[in-house]
Q: 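Shown below is the structure under consideration.
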Amino acid sequence: LMALHLPLLAWIGCGLYLLGWGAGHQDRFAFAIKSIEVFITAGLFAGAGGALAGITIGMFEALGISLPETVMRLLCAGGGGLIPVLAVASSYDPHLSPIAQKLRQGLGKIIATLMRLMLPLALLVLVVYLVVIPFNFMEPFQNRDTLIVYNVMLFAVMGLLVGATPVQGTDLDAKHHRTLRIGILAVAVLATLVSLYALSATVYRTALGGFTVNRLAVIGWNGINVGILVLLVAKQLRAGEVKWLDTLQKVFGWGMTAYAVWATFLVLFIPLLFGEQ
């Protein structure tokens with residue numbers, strides 16, 4: 001559990017250092033968008049580096065030569081440590097604030113376009129999920145692996161909603177703004193229903209088997225995601241077309257704060273609550 005949350009805390013620490021405590025919602029949202037670009041860039045570097053390491057090892061093994069442990073450690077651990085450094089160095093300009101970064105060029109523009117194109121697919125997947133759920137209603141209540149899949153999917157949907165949201169209103173014309181708003185709102189409504197279903201399954205398993213570290217963590221993350229989605233839907237229904245983007249970014253900014261608080265709680269207080277177990 002700590003291994004999963006320490007990288008999240010490291011990311012939060014970077015955000016606090018770059019933004020400070022009093023950052024506005026636009027700066028926080030720009031940091032989140034740039035972070036997605038850095039993560040995807042790191043994934044590309046990881047794929048290229050893994051292929052290079054695999055080819056290198058395979059070529060030497062073809063000659064009957066086994067690389068020393070020091071070299072293997074350098075290729076794996078050293079490469080793993082180098083990848084995030086290269087990803088940040090190639091994507092982020094340290095002389096500019098997050099909101100002043102080049103967010104509409106290069107890979108950042110491709111990622112935003114890809115996220116928006118994936119919204120209809122996500123909407124279709126969620127509709128299929130909701131149609132299938134009544135026929136397999138008790139599956140996540142009884143199968144832990146199915147419940148894990150639901151939670152991973154919900155985090156993916158949250159990332160998709162953030163990535164599809166423009167940073168500036170001028171990124172899209174008025175017609176595309178209207179279409180994108182409807183798409184985000186529809187995905188958020190369906191994701192809320194799936195989130196409540198997953199949360200009820202986790203609470204049910206907890207009521208039967210008692211609190212564990214993992215169940216407490218999942219309940220917290222599910223509760224935060226449900227809160228973000230419900231707030232998003234409520235704010236969007238009340239906001240007009242002029243203020244929809246600003247309202248959406250504010251909700252995501254509050255969500256980032258909730259993520260930071262819960263991740264800090266898990267790392268600092270879970271060992272105190274469950275240390276004797």
Side-chain angles (χ1 to χ4, degrees), residues 5 7-40 88 91-94 96-104 108-109 111-112 115-116 118-119 122 151 154-172 177 180-189 191-192 195 220-267:
H5 289 88
L8 177 60
L9 284 180
W11 173 71
I12 293 169
C14 291
L16 288 175
Y17 173 77
L18 293 172
L19 300 173
W21 292 100
H25 65 275
Q26 282 192 325
D27 285 313
R28 283 184 287 175
F29 183 75
F31 173 74
I33 291 293
K34 200 63 181 178
S35 297
I36 293 176
E37 181 181 341
V38 171
F39 295 152
I40 294 178
V88 174
S91 305
Y92 191 85
D93 186 348
L96 301 175
S97 64
I99 194 65
Q101 297 290 318
K102 296 179 180 179
L103 301 170
R104 293 180 290 175
K109 184 176 181 180
I111 293 172
M115 294 290 187
R116 290 160 196 164
M118 290 177 64
L119 275 177
N151 286 291
L154 292 172
F155 276 106
V157 170
M158 294 297 297
L160 179 63
L161 292 177
V162 173
T165 304
V167 179
Q168 302 288 348
T170 55
D171 292 352
L172 297 172
H177 268 267
L180 181 60
R181 182 193 180 197
I182 294 173
I184 289 177
L185 185 58
V187 170
V189 170
T192 301
S195 298
W221 287 121
N222 275 359
I224 291 173
N225 285 334
V226 170
I228 294 173
L229 291 170
V230 170
L231 188 62
L232 186 156
V233 173
K235 291 288 186 180
Q236 284 303 305
L237 292 177
R238 295 176 58 185
E241 292 188 0
V242 177
K243 296 183 178 181
W244 81 273
L245 183 56
D246 185 69
T247 302
L248 189 61
Q249 292 180 358
K250 285 182 179 179
V251 172
F252 288 138
W254 296 331
M256 290 175 62
T257 302
Y259 276 15
V261 171
W262 184 244
T264 303
F265 171 82
L266 290 177
V267 172

Q: Please walk me through it: do Gln236 and Ile184 pass side-chain contact (heavy atoms from CB on, under 4.5 Å)?
A: CA-CA 10 Å; Gln236 284 303 305; Ile184 289 177; over 6 Å; no
Q: Under 30°, 30 to 60°, or over 60°: which ring-plane class applies to Trp244 and His177, parallel, tilted or perpendicular?
A: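 Correct class here is perpendicular.
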Q: Nearest 0.5 Å, what's the CD-CD1 distance between Gln168 and Ile99?
A: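 Between atom CD of Gln168 and atom CD1 of Ile99 there are 5.0 Å.
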Q: Do you know the tightest heavy-atom contact between Leu185 and Val233?
A: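 Here Leu185 and Val233 meet closest at CD1-CA, 3.9 Å.
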Q: Indicate the ring-plane relationship of Trp221 and Tyr259, choosing parallel, tilted or perpendicular according to the 30° and 60° boundaries.
A: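 Because their plane-to-plane angle is over 60°, the rings of Trp221 and Tyr259 count as perpendicular.
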Q: Indicate yes or no for a side-chain donor-acceptor contact from Arg28 to the backbone of Leu19 under 3.5 Å, with no hydrogens or angles considered.
A: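 Checked: no pair found.
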Q: Considering all heavy atoms of both residues, which atom of Met256 and which atom of Ala32 are nearest to each other, and what is their separation?
A: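 Smallest heavy-atom distance, with atoms named: SD-CB, 3.9 Å.
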Q: Do Met115 and Val162 come within less than 4.5 Å of each other through their side chains, counting heavy atoms only?
A: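 No - every pair of side-chain heavy atoms lies 4.5 Å or more apart.
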Q: What's the spacing between Thr192 OG1 and Leu154 CG if we round to 0.5 Å?
A: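 Going from OG1 on Thr192 over to CG on Leu154, the span is 9.5 Å.
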Q: If we ignore hydrogens and angles and just use 3.5 Å, is the side chain of Gln249 paired with the main-chain N or O of Asp27 as donor and acceptor?
A: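 Flag not set: sc Gln249 to bb Asp27 has no pair under 3.5 Å.
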Q: Mind checking the CG-NE2 spacing from Leu266 to His5? Nearest 0.5 Å is all I need.
A: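 Going from the CG atom of Leu266 to the NE2 atom of His5 covers 4.5 Å.
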Q: Nearest 0.5 Å, what's the CD1-NZ distance between Ile111 and Lys109?
A: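 Between atom CD1 of Ile111 and atom NZ of Lys109 there are 13.5 Å.
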Q: Rounded to the nearest 0.5 Å, what separation is found between the CG atom of Leu245 and the CZ atom of Phe29?
A: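 So the CG of Leu245 and the CZ of Phe29 are separated by 7.0 Å.
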Q: Can you tell if the side chain of Ser195 reaches within under 4.5 Å of the side chain of Val157, non-hydrogen atoms only?
A: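 A side-chain contact under 4.5 Å is absent here.
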Q: Is there side-chain contact between Asn225 and Phe155, with at least one heavy-atom pair below 4.5 Å?
A: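 Result yes, sub-4.5 Å side-chain heavy-atom pair found.
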Q: What's the spacing between Thr247 OG1 and Arg181 CZ if we round to 0.5 Å?
A: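 These two atoms lie 8.5 Å from each other.
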Q: Which heavy atom in Ala188 sits nearest to a heavy atom in Leu232, and how many Å separate them?
A: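 In terms of heavy atoms, the two residues are closest at CB-CD2, 3.6 Å.
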Q: Indicate the atoms forming the closest heavy-atom contact of Ile33 with Gly163, along with that distance.
A: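 Nearest heavy atoms, Ile33 then Gly163: CD1-CA, 4.1 Å.
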Q: Walk me through whether Leu161 and Leu119 qualify under side-chain contact (heavy atoms from CB on, under 4.5 Å).
A: CA-CA 8 Å; Leu161 292 177; Leu119 275 177; 4.2 Å; yes
Q: With side chains defined as the heavy atoms from C-beta onward, is the minimum distance between Tyr92 and Phe31 less than 4.5 Å?
A: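 With C-beta onward as the side chain, the pair stays apart.
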Q: Kindly give the heavy-atom pair with the smallest separation between Ser91 and Val38, and that separation in Å.
A: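 Looking at all heavy atoms of both residues, the shortest contact is CB-CG2, 3.9 Å.
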Q: With a 4.5 Å cut-off on side-chain heavy atoms, are Asp246 and Lys250 touching?
A: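 With C-beta onward as the side chain, the pair touches.
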Q: Please name the pair of heavy atoms, one in Leu180 and one in Ala164, separated by the smallest distance, quoted to 0.1 Å.
A: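 Smallest interatomic distance, heavy atoms only, reads CD2-O, 3.4 Å.
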